[in-house]
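Following: one structure in structure tokens, then a few remarks.
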Amino acid sequence: MPDTCEFLERRRTGADGESFEHERPYCTAVDAFVQPMRADVCAKRYDLDPESDCEFYRGAKGAGSITGFDGAGTTDSEAGGS
Amino acid sequence: MSYDDYRDGKPLIVTAALTGGVHGKEANPSVPETPAEVAEAAAAAEEAGASILHLHAREDSGERAFSAERFQELADAVRDATDDAIVQHSTGGTAAPDALRAEPLRTDPAPEMASLDMGPLNRYRHLTSENTRALVDALHEEMRARGIKPELEVFNGGHLNEALRIREELAEPPYVNLVFGGGTTTVPSPRNLLHMVENLPEGAEFNVLAFGPHQLPLTTMGILLGGHVRVGLEDNLYYDQGQPAESNAQLVERTVRIAGELGRPVASTAEARELLGL
Ligand code: SF4
């Protein structure tokens, strides 16, 4: 398993031309610099894991529901509200 | 802790939350991140009227740092750059291990104050800052042993119950930071600020922290209710709608100006220490 999220890069310049003195965590799944708090997920620090802890990763991978629910076995009326 | 305090001219403690750990330069290039940048921002905020400086440590990449060594570097830089402002370290840290959360308390000298999150807080879609009672009590115990005044971070009404849970162990006066914003923080409204103030622990001093566009109106209300206020780029990246804030000092200056117009004197650092029993 790689040490960091596969979508993590470290860059000084962003897609919109923004630039920084120091390299920052950059997410290629959403093409944006990552907020510092989320960057711990990207770096897989503290037992964090993109697959369970990052919605961008799950979206990029088409991971679906965290419970595994895929709608099978339901109908529209059953899935609907009151 | 009341409108009477405002009328009586109780000094207003202004805290500057200079950097935080949630967003950084990717959100507003004016957010200071390195120790040198935070120190420069601290000096300007103190000059503008802030008596407490709320600090988070970061790596040069903007990422969060929790080690005592990085906090030491940061606190040293801030102390060198400022006169005698009160240094308050954050012990917050969503998803960081409990042991790391105590690291910011272990500088030499210890910070005069440190934040103490009173309970859970949701972050993003999958993260929660758990802040178990066991962690709250462990951090509080270490703060007491090191002579550090806790600033109780009350993210919502339930956390007032948690503050009451440890009321007897708190040094006088308890200092409660009432937090308003989205997610699991208190819904930002004047009525909710009144409710939270009404339910404070007996004898507490309170501070108002409101995120984003709520910073200006709710801190102003806090001034009128005899509370204290926290402003800065950690909590609010904008000076006005669509207008990014240029600096922490700019936000402090506005608060000081409003307090002046309302006739509330801004506390010197000595007055802040006296009010908080430091
Ligand atoms: S934001 Fe999510 S998808 Fe992007 S690099 Fe970080 S963990 Fe991976």
Side-chain angles (χ1 to χ4, degrees), chain A residues 1-70, chain B residues 17-38 40 55-67 70 74 90 92-101 103 117 121-130 135 183-184 211 233-235 237 244:
Chain A
M1 193 170 66
D3 289 345
T4 63
C5 176
E6 65 191 83
F7 296 110
L8 176 66
E9 289 185 3
R10 296 197 171 266
R11 295 188 185 179
R12 281 203 175 86
T13 309
D16 298 329
E18 68 273 40
S19 68
F20 302 97
E21 187 182 345
H22 300 281
E23 283 189 337
R24 305 180 71 83
Y26 186 92
C27 173
T28 58
V30 294
D31 265 336
F33 283 102
V34 178
Q35 289 194 331
M37 190 165 68
R38 189 186 294 277
D40 289 324
V41 181
C42 315
K44 298 189 179 177
R45 294 189 190 103
Y46 317 137
D47 290 330
L48 292 165
D49 181 348
E51 194 170 342
S52 56
D53 300 322
C54 179
E55 60 272 31
F56 302 147
Y57 181 95
R58 296 184 63 81
K61 290 288 200 179
S65 166
I66 60 169
T67 63
F69 176 66
D70 62 4
Chain B
L18 301 169
T19 179
V22 176
H23 50 232
K25 288 187 191 297
E26 80 290 338
N28 180 334
S30 299
V31 174
E33 293 181 339
T34 65
E37 289 171 349
V38 174
E40 187 180 342
L55 304 180
H56 290 246
R58 295 173 183 257
E59 306 298 344
D60 287 348
S61 63
E63 289 168 86
R64 302 184 303 171
F66 299 100
S67 71
R70 190 62 168 175
L74 174 65
S90 171
T94 301
D98 287 353
L100 270 188
R101 300 280 296 274
E103 286 278 304
D117 295 352
L121 181 68
N122 284 346
R123 301 286 200 178
Y124 303 139
R125 188 159 175 77
H126 294 276
L127 301 183
T128 296
S129 187
E130 293 178 348
L135 177 61
T184 29
F211 290 114
L233 292 169
E234 174 175 348
D235 307 331
L237 294 165

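Just so it is clear: chains get the letters A, B, ... in the order the sequence lines come, proteins before strands, and each one is counted from 1. Note that the structure is a prediction, hence the values are computed from the model and not measured.
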* For B/E33, is it the side chain, the backbone, both, or neither that has a heavy atom closer than 4.5 Å to a heavy atom of chain A? -> side chain
* Around A/E6, counting heavy atoms of other residues, nucleotides and ligands shown, do more than 12 lie under 6.0 Å from its CD? -> yes
* **Minimal non-hydrogen separation, A/F20 against B/K25, with atom names** => CE2-O, 3.5 Å
* Structure fact -> The interface call for B/A95 against chain A, heavy-atom contacts under 4.5 Å, is both
* Asked: Can you say whether A/E18 sits under 4.5 Å from chain B via the side chain, the backbone, both, or neither, judging by heavy atoms?
  -> neither
* Evaluate the side chain to side chain contact (heavy atoms under 4.5 Å, CB included) criterion for residues A/R58 and B/H126: first the C-alpha distance (whole Å), next the side-chain angles of each, then the deciding distance (0.1 Å), finally the verdict. => CA-CA 11 Å; A/R58 296 184 63 81; B/H126 294 276; 3.6 Å; yes
* chain B: which of A/G14, A/A43, A/S52 shares the most heavy-atom pairs with it under 4.5 Å? -> A/S52
* **Closest contact, heavy atoms only, B/D60 versus A/H22** => O-CB, 3.3 Å
* **Atom CZ of B/R125 with >12 non-hydrogen neighbours under 6.0 angstrom** => no
* Structure fact -> Cut-off 4.5 Å, heavy atoms of chain B, and the answer for A/V34 is backbone
* **Salt bridge flag under 4.0 Å for residues A/R38 and B/E26** => no
* How close do A/Y46 and B/P97 get, heavy atom to heavy atom, and via which atoms? -> CD2-CD, 3.4 Å
* Count the heavy atoms belonging to other residues, nucleotides or ligands that lie under 6.0 Å from CD of A/E23, then report whether that count exceeds 12. => yes
* Heavy-atom distance under 4.5 Å to chain B: side chain of A/D53, backbone, both or neither? -> both
* Sole candidate of A/R45, A/Q35, A/R24 that passes side-chain hydrogen bond (donor to acceptor under 3.5 Å, both in side chains) when paired with B/E63 -> A/R45
* Check the pair A/L48 / B/L127 against side chain to side chain contact (heavy atoms under 4.5 Å, CB included), numbers first and verdict last. => CA-CA 9 Å; A/L48 292 165; B/L127 301 183; 3.9 Å; yes
* Closest non-hydrogen atom pair, B/R58 against A/P36 -> NH1-CG, 3.2 Å
